[in-house]
Amino acid sequence: MTVNMNMNIAIDGPAGAGKSTVAKLVADRLSYVYIDTGAMYRALTYMALQNEVSVDDGEALKKLLSDLKIELVNKNGKQLIYVNEKDVSEEIRHSEVTNKVSYVAKHSDIRKEMVYKQQQLASGGGTVMDGRDIGTAVLPDAELKLFLNASVDERARRRHEEMISKGFDSNIDVLKEEIRKRDQMDSEREVAPLKKADDAIEIDSTSMSINEVVVLILSFVEERKGMMK
Ligand SMILES: Nc1ncnc2c1ncn2[C@@H]1O[C@H](COP(=O)(O)OP(=O)(O)O)[C@@H](O)[C@H]1O
Ligand SMILES: Nc1ccn([C@@H]2O[C@H](COP(=O)(O)OP(=O)(O)O)[C@@H](O)[C@H]2O)c(=O)n1
C-alpha cells in the first residue's frame with residue numbers, strides 16, 4: 001500500500017507569534033505549499049475600505065467578496081496576493097487594514113466562503129496553512145496541528161522591530177494595544193474563535209529563535225511521518 005506522506009500542517013495562534021515566518025520556512029524545507037489565510041481576510045478588508053463598504057455590513061461584504069478573485073501566488077520565494085489580477089501584497093499590510101480586519105472576519109457568511117476556498121487549496125495535501133481557525137475549522141483532520149504563542153510584550157517587540165526595519169514609524173505601546181485588541185476580538189467572536197484545537201501541540205516561542213521553532217516543528221513532522229508509515 002502506498003501512503004501519501006504529503007500531510008497538511010495547521011498553524012494557529014495570535015498576532016505576531018511568528019506563524020507566517022515559520023510556516024514559510026517549514027513549507028520551503030518540505031517543498032510544501034504555504035497558505036496564508038490571514039492574507040485572504042486582509043484582501044477583503046482592503047477592498048472594503050477601497051469601496052467604502054462598512055466592515056459591519058455582512059451582506060454588503062458578502063456581495064463584495066462574490067465580485068473578487070483572490071489568489072495566493074508564489075513568486076521568487078515570496079507569497080504574493082492578487083485581487084482581480086492586481087498585486088495588493090503591500091497594501092494589505094497597512095495599519096488601516098490590520099486594525100479593521102477582525103471586524104470583517106467575524107461575519108459567519110464571510111468565514112463560510114473563506115473556509116471553503118481554503119479547504120479547496122489544501123485538498124491535495126502538502127500544505128502548511130496558518131491562521132486562527134485552521135486546526136479547529138478549516139482542516140480539523142490535519143495530520144499535524146500547532147498552536148504558536150508568545151507573550152504579548154514579545155509579540156509587540158517583534159512587530160516593532162519589523163516596522164522599524166521596513167522604515168516605518170512605530171510606537172511599541174500603540175502596537176501592543178492594537179495587538180491586544182485584535183487578539184481579544186479574534187478570541188471572543190462567535191464563529192470559529194481563535195483557540196487551540198484539543199489535539200494541537202502548543203509552542204511558546206517567547207524565548208525561542210525562529211530557527212529553533214522551525215527545527216522543533218520539523219521534528220514533529222518527522223515523528224508524524226513515522227507514525228503514518
Ligand atoms: N521565534 C521568533 N523569534 C524572534 N522573532 C520572530 C520569531 N518568530 C517570528 N519573529 C519575527 O516576528 C515578526 C512577526 O512574525 P510573523 O511571522 O509575521 O507573525 P504572525 O504571522 O504570527 O503574525 C516578524 O518580523 C518575524 O521575523
Ligand atoms: N484563519 C484566519 C486567519 C485570519 N483571520 C483574521 O485575519 C486577521 C489577520 O490575520 P493575519 O494572520 O494576517 O494577522 P497577523 O497575525 O499576521 O497580524 C486576524 O486578526 C483575524 O481577524 C481569521 O479570522 N481567520
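In listed order, ligands and their atoms are each counted from 1. Scope of the values below: all heavy atoms of this structure, side chains included, with no hydrogens, waters or symmetry mates. Worth saying up front: this structure is predicted, and the values here are computed from it rather than measured.
- Atom-to-atom distance recorded for L61:CG and T45:OG1 is 8.0 Å, nearest 0.5 angstrom.
- Under a cut-off of 6.0 angstrom, the local environment of CD in E190 is sparse, with at most 12 non-hydrogen atoms contributed by other residues, nucleotides or ligands.
- Remark: ligand 2 and R189 share an N or O pair separated by less than 3.5 Å (distance only, no angle test).
- Contact check on R93 versus D36 returns a salt bridge, with a Lys/Arg side-chain nitrogen under 4.0 Å from an Asp/Glu carboxylate oxygen.
- Remark: distances from the non-hydrogen atoms of G16 to ligand 2 include one below 4.0 Å.
- Under the side-chain contact (heavy atoms from CB on, under 4.5 Å) criterion, K24 pairs with Y34, not counting sequence neighbours.
- Taking CD1 from I81 and CD1 from I92, the interatomic distance works out to 5.0 Å, rounded to the nearest 0.5 Å.
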Using the salt bridge (Lys or Arg N to Asp or Glu O under 4.0 Å) rule, take D67 and K63 through it: C-alpha gap first, then chi angles, then the decisive distance, then the call.
-> CA-CA 7 Å; D67 292 334; K63 163 81 183 61; 2.8 Å; yes
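- The nearest protein atom to atom 16 (O) of ligand 2, hydrogens excluded, is given as R132 NH2, 3.0 Å; this is a heavy-atom distance.
- In terms of protein heavy atoms, atom 20 (O) of ligand 2 is closest to D186 OD2, 2.6 Å.
- For the pair R111 and ligand 2, the shortest N or O to N or O distance falls below 3.5 Å.
- For D169, the CG atom is loosely surrounded, since the number of other residues' heavy atoms within 6.0 Å does not exceed 12.
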Would you mind listing each N/O atom of ligand 1 next to any protein N/O under 3.5 Å, plus the distance?
residue  : atom   : partner : partner atom : Å
ligand 1 : 1 (N)  : M208    : O            : 2.9
ligand 1 : 3 (N)  : M208    : O            : 3.2
ligand 1 : 17 (O) : S20     : N            : 3.4
ligand 1 : 17 (O) : S20     : OG           : 3.0
ligand 1 : 17 (O) : T21     : N            : 2.9
ligand 1 : 17 (O) : T21     : OG1          : 2.5
ligand 1 : 18 (O) : S20     : OG           : 3.3
ligand 1 : 18 (O) : R159    : NH1          : 3.1
ligand 1 : 19 (O) : G18     : N            : 3.1
ligand 1 : 21 (O) : S20     : N            : 2.9
ligand 1 : 21 (O) : S20     : OG           : 2.9
ligand 1 : 22 (O) : A17     : N            : 3.1
ligand 1 : 22 (O) : G18     : N            : 3.0
ligand 1 : 22 (O) : K19     : N            : 2.8
ligand 1 : 22 (O) : K19     : NZ           : 2.8
ligand 1 : 23 (O) : G16     : N            : 2.8
ligand 1 : 23 (O) : R159    : NH2          : 2.8
ligand 1 : 25 (O) : E162    : OE1          : 3.0

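- Contact between Q118 and ligand 2 is absent, with no heavy atom of the residue lying under 4.0 Å from the ligand.
- Nearest protein heavy-atom contact of atom 3 (C) of ligand 2 is T37 OG1, 3.3 Å.
- Protein heavy atom at the shortest distance from atom 6 (C) of ligand 2 is A105 CB, 3.8 Å.
- Among the atoms of S102, some N or O lies under 3.5 angstrom from an N or O of ligand 2.
- Closest protein heavy atom to atom 4 (C) of ligand 2: G38 CA, 3.5 Å.
- Counting non-hydrogen atoms of other residues, nucleotides and ligands closer than 6.0 Å to NZ of K62 gives a total of 12 or fewer.
- Every residue two or more places apart in sequence or in another chain that forms a side-chain contact (heavy atoms from CB on, under 4.5 Å) with R224 is listed here: M7, L144, I201, M227.
- Atom 17 (O) of ligand 2 has its closest protein heavy atom at R159 NH2, 3.1 Å.
- The list of salt bridge (Lys or Arg N to Asp or Glu O under 4.0 Å) pairs with a residue in residues 115-126, not counting sequence neighbours, is empty.
- Side chain of R189 to main chain of A192: a donor-acceptor pair is present (N/O by atom type, distance under 3.5 Å, no hydrogens or angles).
- At least one N or O atom of R42, backbone or side chain, sits closer than 3.5 Å to an N or O atom of ligand 2.
- For atom 9 (C) of ligand 2, the closest non-hydrogen atom of the protein is R182 NH1, 3.5 Å.
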